[in-house]
Participant: 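Supplied in structure tokens, the structure appears directly below.
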Amino acid sequence: MTTSIAGKMPVGFLLRGGRFEHCSDQSGENRCGGKEAIPDRQSYLTRSNATIQRLSAISRSFNARATNWRLLPNLKSNHFPRLLSSGRFLYTQTSLDDSWTNNRELNIDLLFHSCTKTHHASRLHALLIILGKIQSLFISTRLVNLYANLGNISLSQQTFDQIQNKDVYTWNSMVSSYVRNGSHNDAVNCLYKMLKHQIKPDFYTFPPVLKACRDIKNGKRIHCLISKTGLEWDVYVAASLVHMYCRFGGFDAAYGIFTNMPFRDMGCWNAIISGFCQNGKGEKALEILNEMKFEGIKLDSVTVATILPICAQMEDMIKGRLIHLYVIKHGLESDLFVGNAFINFYAKFTELENSRKFFDDLPTRDLVSWNSIISGYEQNGNPNRALEFFHEMQKDGFTPDLLTLVSVASSIAQCGDTRGSKSVHGFVLRRYWFLKDVIIGNAVVDMYAKLGNVENARELFDRIGVKDVVSWNTMITGYGQNGLASEAIEVFQKMVETEHVTPNQGTWASIIPAYAHIGALKQGQKCHSTVLKTGLIPDVFIGICLIDFYGKCGKVKDAMSLFNEIPKSSSVPWNAVISCFGIHGHGETSLKLFKNMTDSGARPDSITFISLLSACSHSGLIEEGEQCFKVMEKDYGIKPGLKHYGCFVDLLGRAGELQKAYDFIKNMPLKPDGSIWGALLGACRIYGNTNLGKVVSEKLLEIDSGNVGYYVLLSNIYANAGKWEGVNSVRLMANEKGLKKTPGWSSVEINKKMEVFYTGNYSHPKCDEIYEKLEELTSEIKVVGYVPDYSFVLQDVEEDEKERILMSHSERLAIAYGIISTPPNTVIRIFKNLRVCGDCHNATKFISRVCDREIVVRDSNRFHNFKDGVCSCGDYW
DNA sequence: GTACTATTAG
């Protein structure tokens, strides 16, 4: 907590109307709002009698049976501790009891140790004044330290100011109090004040001051001062100097001091190692570690705790394991810092059993241990276990901190626990943590977004005062993952306009998928060029996003050349490129890539097989698909999930194997969900199988009666067969349920701007021109053989009305607009949110021929490349 | 004096 905030908060105790109350605790809640000062020794000493009487009154109210005491020395053992206690002071109470009953001197040391809140300290402060102990320089200095340790720098400073004849020890305490509470400038100024008072700094003074230096200039100035006092080669001071230089990138200076030191203890070695580690010189740190070993010096717990995160960062599992052996050999396993470091180390390598072992074996645990194990489980996809640890931790008496809640928020999101999310939000809100650090704000925004609650996410996002890059990225991703690409783009644009934030790799990895989603080729390409300019490639993350992006925008070649550039250490780039060829109907290429993948040693995962199966399905590769399905579990140990079954049903269905698909569903070990029956229903529509369609739709409406898509499909089937009563009854059913059809829309990118068209919409400014063009096109294509297929019109109306309905389908509007707004020979790229209508598919083939244009349509399912009157995917939409 | 935890992204 900074001075300015703490300074505004009245903290301490009040003697008001016989009530002894504290008005504030560490959380900064101000309960009485009155002005407050720290206990003033003079007034207490002169008014001590009155005070004692008041104290006795209060004590009586604490303990009704106690009446016979007036003066301090006559206090009964069970009264006075009560005065100091506030529920958590049990330890003190017993120790005081002891001192009192045995007529011994108060154990002040114990009292100091028992203070865990500012108001405890204030009461102790009062007690010390009453007992006259405050005159002791030693005790008053301890109070300065105590307040600082409890995070109350303003009381610490006030206590310090009241001390007369301060010695070095007092000044040193004040300096380090400032540093501990983040008041860096105050610390440095305190040193200068101390010099002004002609107090000579000693080797306890400089280390904290060096820690407080915020820039190299200040650091060098302090270095000069140190040289003048002749303390330069003190081990503590020198180690601090080394660390200070490292912090500002002065590695040579640091190493220079280090090598010139006449004597080096463990701390010095650790200081330079940690200095290098924390400032991005992990390799150099490991070199020094070797040097150290060469000199026969053994690592201690600090060295281990410093070096382990570097091993994790450099993905050097082996080095970590060697250190583990070393630790066992030298009995450092039960060290708290070492244990915590290992919990994190193993969690990073997904070896939770090892993390768990360290956690279980720790003789004492601290908050970091709990946070580490919670985040370990959370990061490794076991949010339930993480939450169990969270509860266990509280049972164990630990108060969660901000970082605990970061992990908890993510766990709650992973569990899909909407109610829990509100609790998390409230928990953080009540503690004012949103003001303390952006991290927690970002985590909660992300939690809401992951739970699909974008409104709450946005509201909180807007409230975050100082947003950092991650805040923006989180919001962009949140929108993107909830299918709200245009909102994501809007946030991104706002971000670009905001000063002090520059997009980083995370930003690109969030915005590029949004552009991919709506097929905004030009805007995505602009991102790509910006990325190249900023030199962020070959970042694997962005590379993969771009592969996916180019794939979805129909630029298979670009996707492939990017794929060739990036490292392929995991399955993810492979998955991206396999699915890219899959959606374009190049199933064979996908299969070939899969072979390359396994040859290269990359391990396929469940997503690989989803991409692969859907690739087979898009290309009608039944046998290959069946083979994939078999191999998946047998050779790679991946249990097929619902998505895999869905792809496979789709594969059989598209190939016309309706009965086979139906039998397959009936025999599958998992309970089929809507998407699986939906795939079969889609196939029934393609092959006009009304009977099976009816059976399947009954199953579907049992499981998922709220999904409009299925009603639409079923009514499609009826309409196809000319059974208009069926169409009407389905429509009636859907209406009864209050379901509305998802409006179909298509977009086309003109001049780097996305234009969106809704089916049957006449509101576009160029509407007349568009319809004019469409009428012209329709008559032109009719000449070359286009026959409208009215089965795609679900309304039972006259033929010319049906033609008008087909013409106003969003994809056709977008194509017509594309043709009138772009120069000849330009490729027209359309994106449609639903599946392309079959008649539109047919019409587009003819349009591509009469206009001599290449038209690429990406719908919710796949790609359709139209050129010279043919479509790359045949007549199969 | 030196040490262990940190959110987003396919």
Side-chain angles (χ1 to χ4, degrees), chain A residues 176 203-204 206-208 210-211 234-244 246 265-275 277-278 300-309 312 335-345 347-348 358 366-376 378-379 401-407 409-410 413 437-447 449-450 468-478 480-481 504-513 516 539-549 566 570-577 579 607:
Chain A
S176 67
F203 47 80
Y204 283 117
F206 288 113
L210 285 168
K211 213 175 172 183
D234 172 82
V235 265
Y236 280 22
V237 177
S240 304
L241 273 171
V242 164
H243 210 252
M244 184 273 294
C246 285
D265 70 348
M266 238 359 260
C268 299
W269 285 99
N270 288 335
I272 193 154
I273 291 174
S274 89
C277 280
Q278 288 166 4
D300 68 354
S301 56
V302 180
T303 330
V304 172
T306 312
I307 216 82
L308 268 181
D335 180 273
L336 184 62
F337 278 81
V338 170
N340 292 346
F342 268 111
I343 294 172
N344 285 295
F345 174 81
K348 289 239 165 64
F358 267 100
D366 69 351
L367 191 59
V368 179
S369 326
W370 285 99
N371 284 350
S372 304
I373 197 78
I374 291 172
S375 103
E378 175 261 309
Q379 301 264 327
D401 72 347
L402 199 141
L403 290 180
T404 324
L405 263 288
V406 169
S407 300
S410 166
D437 203 325
V438 254
I439 286 189
I440 183 71
N442 296 345
V444 176
V445 168
D446 183 54
M447 172 185 76
K450 290 240 166 73
D468 66 354
V469 214
V470 180
S471 322
W472 290 95
N473 297 353
T474 308
M475 199 60 239
I476 296 170
T477 317
Q481 288 184 337
N504 66 0
Q505 42 164 314
T507 317
W508 304 118
S510 327
I511 194 65
I512 293 171
D539 178 272
V540 196
F541 258 132
I542 303 178
I544 294 161
C545 291
L546 281 169
I547 292 174
D548 184 65
F549 165 78
I566 62 165
S570 78
S571 62
V572 193
W574 291 101
N575 296 351
V577 80
S579 103
I607 304 205

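Letters go in sequence order (proteins before strands), and every chain restarts at 1. Just so it is clear, the model here is predicted, and its values are computed rather than measured.
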Participant: Anything under 4.0 Å to a heavy atom of chain A counts; send over the first and last such nucleotide of DNA chain B, read 5' to 3'.
Facilitator: B:dG1 to B:dG10
Participant: Identify, with sequence neighbours excluded, every residue that meets salt bridge (charged side-chain N to carboxylate O under 4.0 Å, His left out) alongside A:Lys348.
Facilitator: none
Participant: What does A:Val406 touch in the nucleic acid at a heavy-atom separation under 4.0 angstrom: a base, only the sugar-phosphate, or nothing?
Facilitator: sugar-phosphate
Participant: With sequence neighbours left out, what residues match A:Thr507 under side-chain contact (heavy atoms from CB on, under 4.5 Å)?
Facilitator: A:Val469, A:Asn473, A:Ile476, A:Phe492, A:Met495, A:Pro503, A:Asn504
Participant: Taking any heavy-atom pair under 4.0 Å as a contact, classify A:Ala443: base, sugar-phosphate, or nothing.
Facilitator: nothing
Participant: Residues in side chain to side chain donor-acceptor pair (under 3.5 Å) with A:Ser274, at least two apart?
Facilitator: A:His243
Participant: With A:Asp366, which residues qualify under side chain to side chain donor-acceptor pair (under 3.5 Å), at least two apart?
Facilitator: A:Asn340, A:Ser369
Participant: List for me each residue that meets ring-ring contact (aromatic ring centres under 6.0 Å, His included) alongside A:Phe342, sequence neighbours excluded, and say none if there are none.
Facilitator: A:His324, A:Tyr346, A:Phe358
Participant: Going by number, which of residues 368-375 of chain A have a non-hydrogen atom under 4.0 Å from DNA chain B?
Facilitator: A:Val368, A:Asn371, A:Ser372, A:Ser375
Participant: Using a heavy-atom cut-off of 4.0 Å across all strands, would you classify A:Asp265 as base, sugar-phosphate, or nothing?
Facilitator: base
Participant: Residues in side chain to side chain donor-acceptor pair (under 3.5 Å) with A:Ser372, at least two apart?
Facilitator: A:Asn344
Participant: What distance do A:Leu367 atom CG and A:Asp401 atom CG have between them, rounded to the nearest 0.5 Å?
Facilitator: 4.5 Å
Participant: Heavy atoms under 4.0 Å, any strand shown: does A:Glu378 hit a base, just sugar-phosphate, or nothing?
Facilitator: nothing
Participant: Could I get the full list of side chain to side chain donor-acceptor pair (under 3.5 Å) partners for A:Asp468, not counting sequence neighbours?
Facilitator: A:Asn442, A:Ser471
